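Note that the structure is predicted; figures quoted are calculated from it, not measured.
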Amino acid sequence: MRISMQILADRVRQNYPDCRAGELSDEMNLKRPLFYQSGASLRKNKVYIAHESDMTREILESHGDNLLLVTEDAGQEKTEPLPGVIFFSEDCDPEALFNTVQRAFDTYDAWDERMQSMALSENTMKALLDASYRIFHNPIMVTTKEGFVVDHSSLMDSVAELQHALQHCCIPKDAGAGDTSSVHHYQEPESHRNHLFVEIYDKNRNVYRLILLETSRRLKVSDEHLLLHLSKYIEQMVERFTVVQPDVSYTLDRLLSNVLTDENIEKSSLQARFQSFHWEERHSYFCMNIHVSTVDRQNLTVIRFLCNRIEGLIPGSCAFFMNERVVVCVNLTEGGTTLDEALEAVTGFLQDSYLKAGISYAFTGLGSMRQYYLQSSIALEEGMKRYPLRWVNRFEDIALDYLMGKCTERLDPEVVCSRAVLTLREYDEEHKTDYYETLRTYISCQMNAVQAAKTLFIHRSTFLYRMAHIKELIQIDLDDPDQLLYLLLTYRLLEPEEARASSSDNDSHSS
């Protein structure tokens with residue numbers, strides 16, 4: 001990788017802070033160093049290390065695009081720094097200086113090679129940004145022009161002051177308008193921090209931004225050229241994430257959208273319609289529903305990126321926007337993956353993008369696609385309501401909550417619940433007994449009297465006495481599976497009411 005005089009000077013000053021430099025070019029054109037031999041002609045775009053006594057005034061003044069690193073002669077009057085020339089003290093070891101320059105080139109060459117490899121591999125954009133931190137020593141983020149954060153340096157997840165930049169992109173959409181330079185500057189009005197950004201193009205449309213934030217250290221002139229260099233690899237990665245679908249008469253996303261919205265679709269015709277996409281009746285599938293914010297729903301660029309990124313992460317998937325959400329249908333057989341592997345591949349991206357998803361069960365066959373799509377929608381809605389801190393909600397994790405909700409959709413819990421359990425609760429309130437909890441514990445312990453007694457911290461004989469009295473009070477047959485299930489559901493339905501009562505008691509005691 002070629003670097004500029006400015007970049008090399010910054011690196012060299014770390015070891016030689018007293019060196020004196022003339023005006024230095026910021027063009028990225030320098031190649032590896034050479035020792036200058038007296039009388040030899042200069043090549044183009046090289047770094048030359050020489051003794052001052054070996055350099056004529058003519059060479060010092062007209063060395064072209066080369067950078068001259070010159071060690072001064074002892075006892076001589078110090079020469080005024082000239083453009084493209086850096087002078088070092090007489091005790092500077094030329095070989096040590098040569099090694100310092102070589103290490104600088106090694107650093108940037110290794111970075112460039114890694115960027116090339118990562119941009120063309122299955123690495124995430126976050127990994128590429130993290131690998132660049134050693135070069136910039138400041139966090140980097142990629143956003144759309146409207147401010148949606150596509151990806152960012154991992155550092156931003158752990159530093160509190162950077163969370164605001166993640167949630168509220170600091171650079172306005174019209175920043176840089178009218179500025180024809182490749183790298184734009186933006187200063188935050190309140191903090192007066194300077195940021196650099198480069199516009200990224202996808203399919204010749206300016207839709208993304210690569211932003212370098214000034215946080216850990218002040219920005220340098222060299223950062224502009226390095227950021228521009230990094231932007232080429234970001235653009236490659238964006239293009240790889242947004243592959244245009246083949247031009248077929250009826251694309252898979254349109255077909256799936258029709259299948260999922262049409263309740264009366266003829267299931268016998270599905271096999272033929274999916275055949276051209278290699279989706280077959282015998283294949284395994286699952287569905288995903290992703291919640292998208294109101295602002296992002298109105299931005300087709302964001303939606304397009306999300307869909308393409310998810311398709312890139314999950315083999316055999318098709319993502320599209322429908323009913324105000326991103327819907328993902330995954331052919332696990334075609335993609336050669338499992339449901340768990342697919343979720344593992346996409347969960348990090350969902351978290352980084354502040355997106356929440358509902359996941360259906362895996363299923364076989366095209367005819368049940370709509371049912372499992374609805375299942376993933378329910379998983380999302382119930383998950384966001386009951387478990388707001390979860391990023392991914394699988395239907396199996398909220399299925400019981402969903403069933404409980406259906407039980408009381410039209411009737412209050414006390415109307416639905418077992419009268420036997422309610423009778424025990426009323427008896428406890430009147431007689432200061434604990435039969436309601438005793439029965440619940442016995443059922444929870446799978447009718448194991450010894451275990452139930454231990455859980456309640458009472459003697460086994462005391463427990464048996466209570467159970468005998470309970471059976472006198474209410475007519476229950478715990479050997480009947482249906483009645484046992486009804487009792488279990490009743491206790492589950494009454495839990496929210498108990499929690500509210502407990503909270504109310506605690507509040508009254510604390511006051």
Side-chain angles (χ1 to χ4, degrees), residues 1-113 132-138 183 194 196 212 214-229:
M1 174 182 172
R2 297 192 180 193
I3 59 179
S4 71
M5 295 182 184
Q6 291 273 8
I7 291 174
L8 188 57
D10 283 342
R11 288 280 175 167
V12 167
R13 286 192 184 101
Q14 294 176 18
N15 289 43
Y16 303 92
D18 297 329
C19 64
R20 299 179 298 114
E23 183 180 344
L24 300 175
S25 169
D26 54 21
E27 187 175 350
M28 303 280 283
N29 63 352
L30 286 183
K31 294 181 285 188
R32 294 267 180 174
L34 293 172
F35 283 111
Y36 176 73
Q37 294 180 335
S38 182
S41 58
L42 299 178
R43 303 181 190 179
K44 290 184 176 181
N45 306 126
K46 300 291 288 186
V47 179
Y48 282 99
I49 297 174
H51 290 287
E52 187 177 8
S53 58
D54 293 332
M55 308 292 291
T56 65
R57 184 69 185 184
E58 180 181 1
I59 292 176
L60 289 172
E61 292 179 348
S62 56
H63 51 78
D65 294 325
N66 296 297
L67 174 64
L68 306 183
L69 306 182
V70 182
T71 57
E72 297 173 318
D73 292 331
Q76 296 293 321
E77 184 179 347
K78 294 186 182 298
T79 305
E80 188 68 25
L82 299 166
V85 181
I86 303 178
F87 284 103
F88 297 82
S89 64
E90 57 205 39
D91 58 351
C92 173
D93 181 358
E95 292 184 357
L97 178 58
F98 181 89
N99 289 337
T100 298
V101 175
Q102 284 283 46
R103 283 195 295 272
F105 274 94
D106 289 343
T107 296
Y108 290 104
D109 278 348
W111 174 62
D112 185 56
E113 288 173 9
S132 298
Y133 183 78
R134 184 183 173 192
I135 298 297
F136 294 96
H137 298 285
N138 271 315
V183 181
N194 297 299
L196 298 176
L212 178 64
E214 184 182 64
T215 58
S216 304
R217 68 158 174 81
R218 290 193 175 278
L219 298 178
K220 301 178 181 179
V221 174
S222 58
D223 287 330
E224 297 182 27
H225 307 282
L226 293 169
L227 191 67
L228 190 62
H229 187 76

Interatomic distance, [X] atom [atom1] to [Y] atom [atom2] [nearest 0.5 angstrom]:
X	Y	atom1	atom2	answer
Lys46	Leu30	NZ	CG	9.5 Å
Asp73	Lys78	CG	NZ	11.0 Å
Leu227	Phe136	CG	CZ	5.0 Å
Thr100	Asn15	OG1	CG	4.5 Å

Can you name the closest pair of heavy atoms from [X] and [Y] and give their distance?
X	Y	value
Leu69	Leu97	CB-CD2, 4.0 Å
Asn138	Ser216	OD1-N, 2.7 Å
Met1	Phe105	O-CD2, 3.9 Å
Tyr16	Ala96	OH-C, 3.7 Å
Ser222	Asp10	OG-OD2, 3.2 Å
Ala9	Leu24	CB-CD1, 3.4 Å

task: Take Arg11 and Tyr108 through the side-chain contact (heavy atoms from CB on, under 4.5 Å) test and state the conclusion after the steps.
output: CA-CA 11 Å; Arg11 288 280 175 167; Tyr108 290 104; 3.2 Å; yes
task: Step by step, work out the side-chain contact (heavy atoms from CB on, under 4.5 Å) result for Val70 and Glu52.
output: CA-CA 6 Å; Val70 182; Glu52 187 177 8; 3.7 Å; yes
- request: Take Gln6 and His225 through the side-chain contact (heavy atoms from CB on, under 4.5 Å) test and state the conclusion after the steps.
  value: CA-CA 10 Å; Gln6 291 273 8; His225 307 282; over 6 Å; no
query: More than 12 non-hydrogen atoms from neighbouring residues, nucleotides or ligands closer than 6.0 Å to CZ on Arg217, yes or no?
result: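 Atom CZ in Arg217 is crowded, with more than 12 foreign heavy atoms closer than 6.0 Å.
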- request: Please check if atom CD in Gln14 has more than 12 non-hydrogen atoms from other residues, nucleotides or ligands closer than 6.0 Å.
  value: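 Correct, the count exceeds 12.
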query: According to the salt bridge (Lys or Arg N to Asp or Glu O under 4.0 Å) rule, which pairs have a member within residues 101-110, sequence neighbours left out?
result: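 Qualifying pairs: Arg32-Asp106, Arg32-Asp109.
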- request: Could you check Leu67, Val12, Leu68 and say which one makes a side chain to side chain contact (heavy atoms under 4.5 Å, CB included) with Ile86?
  value: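 It is Leu67; the other options fail the test.
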Verify, without hydrogens or angle tests, whether [X] (side chain) and [Y] (backbone) share a donor-acceptor contact under 3.5 angstrom.
X	Y	answer
Asp223	Lys220	yes
Glu214	Leu219	yes
Ser4	Ile7	yes
Asp54	Gln37	no
Asn66	Asn45	yes

- prompt: Mind checking whether Ile135 and Thr107 have side chains closer than 4.5 Å, heavy atoms only?
  reply: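 Yes. Closest side-chain heavy atoms under 4.5 Å.
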message: According to side chain to side chain donor-acceptor pair (under 3.5 Å), does anything in residues 86-96 pair up with another residue at least two apart or in another chain? List the pairs.
response: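 Sorted result for residues 86-96: Ser89-Asp91.
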- request: If a pair satisfies ring-ring contact (aromatic ring centres under 6.0 Å, His included) and one of its residues is in residues 30-80, list it, with sequence neighbours excluded.
  value: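 Qualifying pairs: Phe35-Phe98.
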- prompt: Are His229 and Asp112 close enough, and set up right, to give a side-chain contact (heavy atoms from CB on, under 4.5 Å), and what steps lead you there?
  reply: CA-CA 9 Å; His229 187 76; Asp112 185 56; 2.7 Å; yes
